[in-house]
Amino acid sequence: MEDSGRFEEKSFSNGDAYSGKIKGVVPHGKGKYTWLDGTVYEGDWTDGKMSGKGLITWPSGAKYEGEFSGGYLHGHGTFTRSNGCTYTGGWRMDAHHGIGRKEYSNSDIYEGLWKEGIREGCGRYSWKNGNMYIGNWKGGKIEGRGVMKWANGDIFDGCWLNGLRQGSGVYRFADGGLYMGTWSKGLKDGKGTFYPAGSKQPSLKKWCSFNSDDNGLLSNTEKHITPKPKFTRSLSEKIPVSSRSKSSHLTSHRTSSLNANWNLQDPAGDCICRDSPTLLETFNESQSEASDMNSLVYEREYMQGVLIMEKSRNCSDTSHKNKRQNKFSVKQVKKSSCIDIFGGRRSYYLKLNLQLGIRYTVGKITPVPAREVRSSDFGDRARIRMYFPKEGSQLTPPHSSIDFYWKDYCPMVFRNLREMFKLDAAEYMMSICGDSGLRDISSPGKSGSIFFLSQDDRFVIKTLKKNELKVLLNMLPKYYHHVGDYENTLITKFFGLHRITLRGGKKVRFVVMGNMFCTELHIHRRYDLKGSTQGRYTDGDKINSNTTLKDLDLKYEFHMDKKLRESLFKQISLDCMFLESQHIIDYSLLLGLHFRAPENLKALVEPSSLMQRQYSLPSGNDADKQGEQLIIPKGLLLVAHEPSFVNTAPGPHIRGNTLRAYSIGDKEVDLLLPGTARLRVQLGVNMPAQATRKLQEDKVEESEVELFEVYDVVLYMGIIDILQEYNLKKKLEHACKSLQYDPMSISVVEPKTYAQRFINFMEKKVFPETP
C-alpha cells in the first residue's frame with residue numbers, strides 16, 4: 001500500500017483513539033485504532049476503512065490476522081477464538097468463503113470449500129473420535145456423493161441428502177462384509193445385496209482409504225462482530241467496519257441446524273440384526289456349516305430400515321451358469337433407428353440436441369401473449385423449425401454436438417398444457433436444459449425406445465416411432481379438451497412433442513411427459529398392469545430394484561377408503577371412455593408402491609433410529625374420527641386438509657382437487673406419515689391403502705422369506721402407453737393369437753373390450769371393494 005499522508009495521534013470524545021497516517025480527515029496508510037472496549041486494529045487503512053493486511057484483537061481474546069477490504073474480513077486470513085477454535089482460509093465480507101481449514105474447539109476439523117460462511121462443495125470433516133467424511137456438502141450439510149468411514153472400520157460410499165444417506169450406496173463392514181443397496185433418509189430402504197465376510201465380492205474400482213465419522217455434532221461457524229471506529233469522512237458520521245453481521249448470524253443459525261440432522265452413532269444404520277447373514281434368529285446357528293459360506297450371498301429388502309425379506313443364492317452356481325451362457329449363446333440386439341443414429345456417443349448428442357431445441361422453442365413461444373387455443377394451432381402448419389449448425393448462427397448458439405434440424409409440434413397447444421398444469425416456463429427449461437443435464441434410464445418395455453429423466457425427476461422424455469407421433473397428433477385436439485374438462489385425469493401428461501433430423505436424413509421423435517413417480521417417498525415396487533394374462537410375467541433372473549413388474553407378478557390387492565376408491569374408478573372409467581373413442585388399446589396402469597414399515601415393528605425402528613426422525617401424530621378428535629370405517633391403519637393417518645398448511649404440496653405439475661375421504665366425514669384429506677411431512681391426497685398421488693398378500697397357489701421358494709401379509713402403502717399411479725391405435729396390423733395380430741390362446745387373455749383386443757377388461761381387472765383384482 002502506498003504510504004502517504006501525515007502522521008497524527010487522535011483521541012475522541014467516545015474514548016476511541018487512533019495513531020497513524022491520515023489523509024484529509026480519515027485514516028489512510030499504516031495506523032492503529034483502539035476502541036473504548038479494548039478492541040485493537042493495527043494495519044493498513046484506505047480512505048477511513050480497514051483495507052490491506054492487518055491484525056485485529058478483541059477483549060475476549062479472539063483475534064484475526066490477514067487481509068481486509070472496505071472494513072470487512074476479506075481475502076485470506078486466520079481467525080482464532082478465545083475457546084481455541086481456529087479458521088485459516090478465504091474470507092468474503094466477514095464470512096468464510098473459498099478454501100479453508102477450521103479446527104473446532106471440540107477438536108473436530110473441516111478442510112474444504114466454503115460459501116458465505118457455510119460448508120459448500122467438496123470437503124473433509126474429521127471428528128475427534130476418529131470418524132471422517134470426504135465428499136460433497138451443500139448448505140452446511142452433507143449432500144451429494146461422499147464417503148464416510150467410522151472409527152470402527154466401517155465405510156459407506158454413496159449418495160447423501162441433508163446429512164443422511166439417500167439413494168444408492170455401498171456399505172463395507174470392518175469384518176469384510178459388504179452391502180450394496182439403496183437408502184432413504186438414512187435408513188436402508190428397498191432392495192440390496194449382502195456379501196458376507198469371506199465371500200466373493202464384486203469389484204469396486206474406486207474405493208477411498210481414509211478416516212471418517214458419524215458423531216456429527218458440529219460447532220457453530222463463528223460469528224464475527226467487529227466494532228465501529230469513530231472516523232468518518234466528515235468526522236461526524238461513523239464508518240461501520242462490520243455493519244453486515246447478519247450473514248454471520250445466519251451462518252451460525254444454518255450451521256447449528258446441521259446438528260439436529262447428525263447423530264449417526266450406529267454406523268450400520270440397521271434396525272434388525274446389523275446385517276447379519278440371515279433374517280431370523282433360528283438361522284444364526286446354521287451359518288456354522290461353513291463349507292459353502294464363501295459362495296453364499298443374500299438378496300435383501302428393507303423397509304425404513306427394517307429387514308422384511310431375504311433370499312439366499314449361491315453365487316458360484318450363478319457365475320457358472322453365466323459362463324455357460326456366455327460361452328454357448330450369442331446375444332442378439334434388436335436394432336432401432338433411435339439407437340444407431342448417433343454412434344458411440346448417441347446418448348450424449350441426443351440429450352444435448354434435445355436441450356438446445358427445447359431452450360430455443362420455449363424461449364420463442366413464451367413471450368407470445370397468452371390466448372385460447374385455436375383449431376389452426378393443431379394443424380400441419382403449427383410447427384417451429386430451426387437449423388442448429390455446430391458453429392452456431394444468428395439465432396442459435398455454437399455447440400459441441402453435431403449439426404441437426406429441429407422441429408417443434410403444436411407449440412401453442414403444449415404451452416397452454418404446461419400452463420394448465422401450473423408449470424413455469426423458466427422452471428421447465430431449467431429442469432430439462434440446466435447444467436445438470438439429463439439422465440439415461442432403462443426402458444421398461446420392448447419398444448426399443450430411449451428414455452431420459454430430468455435431474456430433478458420431474459420429467460420423463462421418451463423417443464417415439466413415426467406411427468406413435470401420428471397417433472398423438474391426431475389425438476391431440478380431443479386430448480387437450482379431455483385434460484381441460486377433467487383435471488383429475490390419470491392419463492399421461494404431455495408437455496412437448498419434438499423431432500430432431502440429422503443432415504443425413506435420420507430422424508428422432510420424442511415426447512416430454514410428467515414423471516408419475518416424482519415424490520420424496522421411495523418407490524419400492526413398480527407395476528405395469530393391463531388386465532391381460534398371456535405372457536404378463538417377469539422372469540425371476542431379470543428382476544432387480546428398478547424392474548417394472550407385470551400383471552401376473554402382482555402379489556397384492558389394495559384396500560382403500562370407500563370415497564377414495566369411488567373417485568378413482570369414476571376417473572378410470574372416464575379416461576377409458578376417452579381412449580376407446582380414440583381407438584386406443586394396449587395402455588396400462590403404471591402403479592408405484594411405497595411401503596411403510598409394519599406397525600408391529602415400529603418399536604424396533606424408533607429406538608434405534610438415530611437420525612432423529614420425528615413421528616408427529618394427530619391427537620384428540622382427528623384420531624377419534626377415524627372410527628371402524630377407516631381402512632387405513634395406524635401407520636397411515638388421514639387428517640382434514642388445511643389449505644393454509646405450507647407442506648401439503650402434492651408434487652410437481654400436479655393439478656386437481658384434494659380428495660375427500662368417507663372415513664373422516666367426507667372431508668378433503670391429507671396423509672400424515674410418521675417422519676414425513678403432511679402430503680395432500682389427490683387422484684393418483686399420495687393415496688393411502690392397505691396391501692394384502694393374495695393367496696398364492698404356487699409355493700414360495702424356500703430360500704425366500706417374507707415376514708408380513710399386510711402392509712401399509714402409499715400409491716402413485718397413472719395411465720400410460722396411450723399411443724397404440726387398433727389398426728389393421730393389430731387386428732391381424734388379434735386374429736392370429738386368438739387361434740393359439742384364449743382371446744380374452746391376450747393383450748390385443750378391440751378397444752371397447754380392452755376398456756371393459758381393464759376396468760374389471762382393476763375393480764376385482766387390484767382395488768377390490770372391501771366386504
Side-chain angles (χ1 to χ4, degrees), residues 1-97 100 102-105 116-117 219-253 255:
M1 175 182 294
E2 181 183 354
D3 192 9
S4 59
R6 63 187 185 278
F7 182 88
E8 289 191 14
E9 294 185 0
K10 287 184 174 290
S11 298
F12 303 95
S13 58
N14 66 350
D16 292 354
Y18 174 78
S19 62
K21 294 296 184 72
I22 291 181
K23 179 181 179 182
V25 294
V26 296
H28 189 87
K30 297 285 185 181
K32 180 179 179 180
Y33 194 102
T34 304
W35 284 264
L36 178 63
D37 63 1
T39 301
V40 178
Y41 170 77
E42 186 172 5
D44 298 329
W45 294 80
T46 300
D47 294 329
K49 296 182 178 180
M50 297 182 294
S51 293
K53 294 184 178 181
L55 170 65
I56 185 169
T57 58
W58 288 267
S60 64
K63 66 178 182 178
Y64 171 81
E65 183 173 9
E67 298 176 334
F68 295 78
S69 179
Y72 293 95
L73 281 60
H74 192 93
H76 186 276
T78 299
F79 184 91
T80 304
R81 290 180 59 121
S82 57
N83 62 3
C85 179
T86 303
Y87 171 80
T88 301
W91 292 82
R92 180 179 177 184
M93 306 287 284
D94 288 349
H96 309 339
H97 193 87
K102 188 165 188 175
E103 299 183 24
Y104 295 88
S105 57
E116 297 179 355
S219 301
N220 291 344
T221 303
E222 312 307 340
K223 177 180 177 182
H224 308 300
I225 302 177
T226 308
K228 302 178 181 179
K230 172 71 177 177
F231 273 97
T232 66
R233 288 187 174 86
S234 62
L235 289 180
S236 62
E237 181 182 357
K238 291 184 179 180
I239 301 176
V241 175
S242 182
S243 62
R244 301 184 185 180
S245 61
K246 291 182 179 180
S247 63
S248 299
H249 176 72
L250 179 62
T251 297
S252 176
H253 172 72
T255 310

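Basis for what follows: all heavy atoms, side chains included, without hydrogens, waters or symmetry-related copies. In what follows, residues are counted from 1 in the order of the sequence shown.
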Out of curiosity, Phe7 CZ to Ser19 OG, how far, rounded to the nearest 0.5 Å? 5.0 Å
For Ser60 and Ser82, the nearest pair of non-hydrogen atoms, with its separation, is O-CB, 3.1 Å
Check: Gly90 main-chain N/O paired with His97 side-chain donor or acceptor under 3.5 Å: no
Judged by atom type as modelled, is there a donor-acceptor pair below 3.5 Å linking the side chain of Asp94 to the main-chain atoms of Tyr72? no
If I take atom CZ from residue Arg81 and atom CD from residue Glu103, how far apart are they, to the nearest 0.5 angstrom? 14.5 Å
List in chain and number order the residues that pass side-chain hydrogen bond (donor to acceptor under 3.5 Å, both in side chains) with Thr88, two or more places apart in sequence or in another chain; answer none if no residue qualifies. Thr78
From Trp35 atom CH2 to Asn14 atom CG, the distance as rounded to the nearest 0.5 Å: 11.0 Å
Are the side chains of Thr39 and Pro59 in contact, using a 4.5 Å heavy-atom criterion? yes
Measure the shortest side-chain to side-chain distance between Thr46 and His28 over non-hydrogen atoms and say whether it is less than 4.5 angstrom. yes
Grab the two heavy atoms, one from Asp47 and one from Val26, that are nearest each other, plus how far apart they are. C-CG2, 3.8 Å
Side-chain heavy atoms of Lys102 within contact of Thr86, under 4.5 Å: no
All N/O donor-acceptor pairs, side-chain side in residues 61-70, below 3.5 Å, sequence neighbours left out:
from  : atom 1 : to    : atom 2 : distance (Å)
Tyr64 : OH     : Glu67 : N      : 3.2
Tyr64 : OH     : Glu67 : O      : 2.9
Glu67 : OE1    : His76 : N      : 2.8

Would you give the length of the straight line joining atom CD of Glu9 to atom NZ of Lys32, rounded to the nearest 0.5 angstrom? 10.5 Å
Can you tell me how far OH of Tyr87 sits from OH of Tyr104, rounded to the nearest 0.5 angstrom? 10.0 Å
With sequence neighbours excluded, what pairs up with Glu42 under the side-chain hydrogen bond (donor to acceptor under 3.5 Å, both in side chains) test? none
Using only atom types and a distance under 3.5 Å, with no angle test, would you say the side chain of Asp16 pairs donor to acceptor with the backbone of Leu36? yes
I want to check something: taking the side chain as every heavy atom from C-beta on, are His96 and Trp91 in contact at a cut-off of under 4.5 Å? yes
Output the distance between atom CH2 (Trp58) and atom CZ (Phe79), rounded to the nearest 0.5 Å. 4.5 Å
Locate the shortest heavy-atom distance separating Trp45 from Tyr18; write the atom from each residue and the value. NE1-CE1, 3.8 Å
